[in-house]
> 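The structure under discussion is supplied below as structure tokens; questions concerning it will follow.
We number each residue from 1, following the sequence as shown.
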Amino acid sequence: MLNLSHKNLDVYRIALTLLKDVYQATKGFPKDEQFLLVSQVRRASISVCSNIAEGASRISKKEKKRFYEIARSSAVEVDTHFEIAITLEFYKKGQLTTLEQNLVSVFRILSKMIGNIGEQPH
């Protein structure tokens, strides 16, 4: 494994925990959702981690900001998929408070990081 800077970011560590929570939560979804909702929400949680890592590796502020925006959008996608799961009664809100807390934390931290990049002089 490479010793890269993104691994030291709190948001990356929280995103990895979120990913683990997503995988755990979706194990209980109906089997006929394996290739639909389960696949979608798992890929979105992977995208959060991957885009944080890729953004951290970029030198250009514009590129860094873009990857963090993609990561944040993927966090919104995870949230939407769990709203759908709640609607379909595959998941109860508050069932996994750590998942929900980690999702909120990732969104907030990424939003702050994106805002800070935008405020930096060129």
Side-chain angles (χ1 to χ4, degrees):
M1 303 288 291
L2 299 173
N3 185 15
L4 300 172
S5 64
H6 70 273
K7 294 178 183 180
N8 296 320
L9 295 173
D10 287 339
V11 71
Y12 180 75
R13 287 197 285 273
I14 296 168
L16 282 176
T17 302
L18 172 64
L19 179 135
K20 185 176 178 183
D21 292 342
V22 165
Y23 270 72
Q24 189 65 38
T26 56
K27 282 182 183 177
F29 285 22
K31 292 295 176 208
D32 60 341
E33 288 296 325
Q34 281 308 117
F35 300 106
L36 299 169
L37 189 57
V38 172
S39 177
Q40 286 288 102
V41 71
R42 286 179 175 185
R43 287 187 313 179
S45 66
I46 291 168
S47 178
V48 174
C49 296
S50 299
N51 282 291
I52 291 168
E54 195 157 353
S57 74
R58 298 297 172 145
I59 296 170
S60 159
K61 290 177 187 173
K62 184 177 179 181
E63 285 185 339
K64 188 178 288 285
K65 183 177 180 181
R66 176 77 178 121
F67 281 101
Y68 291 158
E69 287 171 340
I70 294 168
R72 183 176 62 180
S73 294
S74 292
V76 171
E77 188 177 350
V78 170
D79 181 71
T80 302
H81 293 318
F82 273 94
E83 286 293 326
I84 292 166
I86 290 166
T87 301
L88 297 173
E89 299 180 356
F90 301 156
Y91 178 82
K92 287 183 174 54
K93 189 170 184 165
Q95 181 178 334
L96 286 172
T97 55
T98 58
L99 184 150
E100 294 171 23
Q101 290 168 352
N102 287 330
L103 184 57
V104 168
S105 294
V106 165
F107 183 85
R108 285 185 181 159
I109 294 168
L110 283 169
S111 294
K112 186 168 182 148
M113 290 169 70
I114 291 163
N116 288 343
I117 291 170
E119 295 170 7
Q120 294 174 356
H122 299 289

> Look at the aromatic rings of Phe90 and Phe29 and report parallel, tilted or perpendicular, splitting at 30° and 60°.
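Because their plane-to-plane angle lies in the 30° to 60° range, the rings of Phe90 and Phe29 count as tilted.
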
> Please evaluate residues Val38 and Tyr23 with respect to the criterion side-chain contact (heavy atoms from CB on, under 4.5 Å), reporting the C-alpha separation (whole Å), side-chain torsions for both, the decisive distance (0.1 Å), and the verdict.
CA-CA 8 Å; Val38 172; Tyr23 270 72; over 6 Å; no

> Between OG1 of Thr98 and CD1 of Ile14, what distance do you get to the nearest 0.5 Å?
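It comes to 12.0 Å.
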
> Quick one, Lys20 with Leu16, criterion side-chain contact (heavy atoms from CB on, under 4.5 Å). Give me CA distance, side-chain angles, the key distance, then yes/no.
CA-CA 6 Å; Lys20 185 176 178 183; Leu16 282 176; over 6 Å; no

> How long is the gap from CD1 on Ile70 to CG on Leu110, to the nearest 0.5 Å?
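Reported value, rounded in 0.5 Å steps: 11.5 Å.
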
> Please determine whether side-chain contact (heavy atoms from CB on, under 4.5 Å) holds for the pair Arg72 and Ser111, giving the CA-CA distance in whole Å, both sets of side-chain angles, and the decisive distance to 0.1 Å.
CA-CA 7 Å; Arg72 183 176 62 180; Ser111 294; 3.1 Å; yes

> Would you compute the distance between atom OG1 of Thr17 and atom CD of Gln24 and round it to the nearest 0.5 angstrom?
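With rounding to 0.5 Å, OG1 (Thr17) is 13.0 Å from CD (Gln24).
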
> Within the distance-only criterion (no hydrogens, no angle test), does the side chain of Lys64 pair as donor or acceptor with the backbone N or O of Arg58 below 3.5 angstrom?
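It does hold such a pair.
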
> Rounded to the nearest 0.5 Å, what separation is found between the NZ atom of Lys65 and the CE atom of Met113?
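Going from NZ on Lys65 over to CE on Met113, the span is 12.5 Å.
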
> Using side-chain heavy atoms (C-beta onward) and a distance below 4.5 Å, is Gln34 in contact with Ser39?
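Result no, sub-4.5 Å side-chain heavy-atom pair not found.
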
> Which value, rounded to the nearest 0.5 Å, describes the distance between Ile117 atom CD1 and Lys61 atom NZ?
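Separation between the atoms: 9.0 Å.
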
> Distance-only, no hydrogens or angles: does the Thr80 side chain make a donor-acceptor pair with backbone N or O of Val76 under 3.5 Å?
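Confirmed, Thr80 side chain pairs with Val76 backbone.
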
> Mark yes or no for whether Arg13, through its side chain, and Lys7, through its backbone, hold a donor-acceptor pair below 3.5 Å.
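It does hold such a pair.
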
> At what distance, to the nearest 0.5 angstrom, does OG of Ser60 lie from CZ of Arg66?
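Interatomic distance, Ser60 OG to Arg66 CZ, rounded to 0.5 Å: 12.5 Å.
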
